[in-house]
A.B. asks: 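Structure in C-alpha cells, see below.
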Amino acid sequence: MNEAMPYGDVKPRHFGPPVLAMPAIHVATDADKPFMLALAREKYPGRNIDLGIPWVERCMANPDRLVLVGPNSFGIAQADWLYGFERRGRLDMLCARPQPGVALEALRMVRMMVGWAKSRGCLGTFKLDADTGVDFGPFARRLGGVKVTSVRYEIPLE
C-alpha cells in the first residue's frame, strides 16, 4: 500500500453535506449588553428600550433568571416561586432577528431555558407566551408543548 494514500488506490470520499457548526449560545455578560440593547431597539422601534436596561442588569445578577445570548438573538427566562412554595419556569423575553437560520438558534435557546428550569426544580410546565403577539406554537410543538386556552381580561390603563 502506498504511504501517501493509506487507503490503497481509493481516495476517501465525503458522505453527505458538510456539517455546519451551530452558532454559540452563552450566558450573557456585561460585554453582551450593547448587542442586546441594539437588537432590542431594532426589534421594538418606538419604545423606550433604554428604560429596560436596569431590569436586564437585575436579571443578569439574579440566580433565578437566565439571560442567554446568541449571534442573532437573546432571551431571558425565570425560575420563580409561585405562592411562595412552588417553583415555576417561564420565558420572560425572546428577541431574535428575522433572518434564515435564526429561528433554530432561538429554538435552541428556549430548549436550554427549559433544561435550566428543570435543573432549578421548577414544577408543572415552562410557560411560553408573548405579550407582543408572537405565536410560539411552532417552538412549543417542537419541544412537546401543548396549547393552553384560558380566558383572560385586560383593563385599559389609558
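We use all heavy atoms of the structure for the numbers below, so side chains are in, but hydrogens, waters and symmetry mates are not.
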A.B. asks: Looking at side-chain heavy atoms only, is the closest gap between L68 and W116 below 4.5 Å?
C.D. replies: no
A.B. asks: If you measure from CE on M113 to CG on L94, what distance do you get to the nearest 0.5 Å?
C.D. replies: 6.0 Å
A.B. asks: Within the structure provided, determine whether D80 and R90 are in side-chain contact (heavy-atom separation under 4.5 Å).
C.D. replies: no
A.B. asks: Rounded to the nearest 0.5 Å, what's the gap from CZ on R108 to CD1 on I25? Could you check?
C.D. replies: 4.0 Å
A.B. asks: For A40, does its backbone N or O pair with a side-chain atom of R47 as donor and acceptor, under 3.5 Å?
C.D. replies: no
A.B. asks: Provide the closest heavy-atom pair for R65 versus I76 in the form atom of the first, atom of the second, distance.
C.D. replies: CD-CG2, 4.3 Å
A.B. asks: If you compare all heavy atoms of R97 against all heavy atoms of F35, which two are closest, and at what distance to 0.1 Å?
C.D. replies: NH1-CE1, 3.7 Å
A.B. asks: How close do S73 and E105 get, counting heavy atoms only, and between which atoms?
C.D. replies: OG-OE2, 2.6 Å
A.B. asks: Evaluate the side-chain proximity of C59 to Q78: yes if any heavy-atom separation is below 4.5 Å, no if none is.
C.D. replies: no
A.B. asks: Answer yes or no: is there a side-chain heavy-atom contact under 4.5 Å between M93 and M36?
C.D. replies: no
A.B. asks: Which atom pair, heavy atoms only, marks the closest approach of K43 to P98?
C.D. replies: NZ-CD, 3.6 Å
A.B. asks: Of the non-hydrogen atoms in P71 and A24, which two are nearest, and what is the gap between them?
C.D. replies: CD-O, 3.2 Å
A.B. asks: Nearest heavy-atom pair of G89 and C122: which atoms, and what distance?
C.D. replies: N-SG, 3.5 Å
A.B. asks: Please report the interatomic distance CD1(I49) to CD(E42), rounded to the nearest 0.5 Å.
C.D. replies: 11.5 Å
A.B. asks: Inspect the surroundings of OH in Y83 and state if more than 12 heavy atoms from other residues, nucleotides or ligands are less than 6.0 Å away.
C.D. replies: no
A.B. asks: Out of curiosity, E57 CD to K33 NZ, how far, rounded to the nearest 0.5 Å?
C.D. replies: 3.5 Å
A.B. asks: Are the side chains of V27 and V67 in contact, using a 4.5 Å heavy-atom criterion?
C.D. replies: no
A.B. asks: Would you call L37 and D50 a side-chain contact if the rule is heavy atoms closer than 4.5 Å?
C.D. replies: yes
A.B. asks: Between L39 and F74, is any pair of side-chain heavy atoms under 4.5 Å apart?
C.D. replies: yes
A.B. asks: I need the M60 CE to L66 CG distance, nearest 0.5 Å.
C.D. replies: 11.0 Å
A.B. asks: Is there side-chain contact between V56 and I53, with heavy atoms separated by less than 4.5 Å?
C.D. replies: no
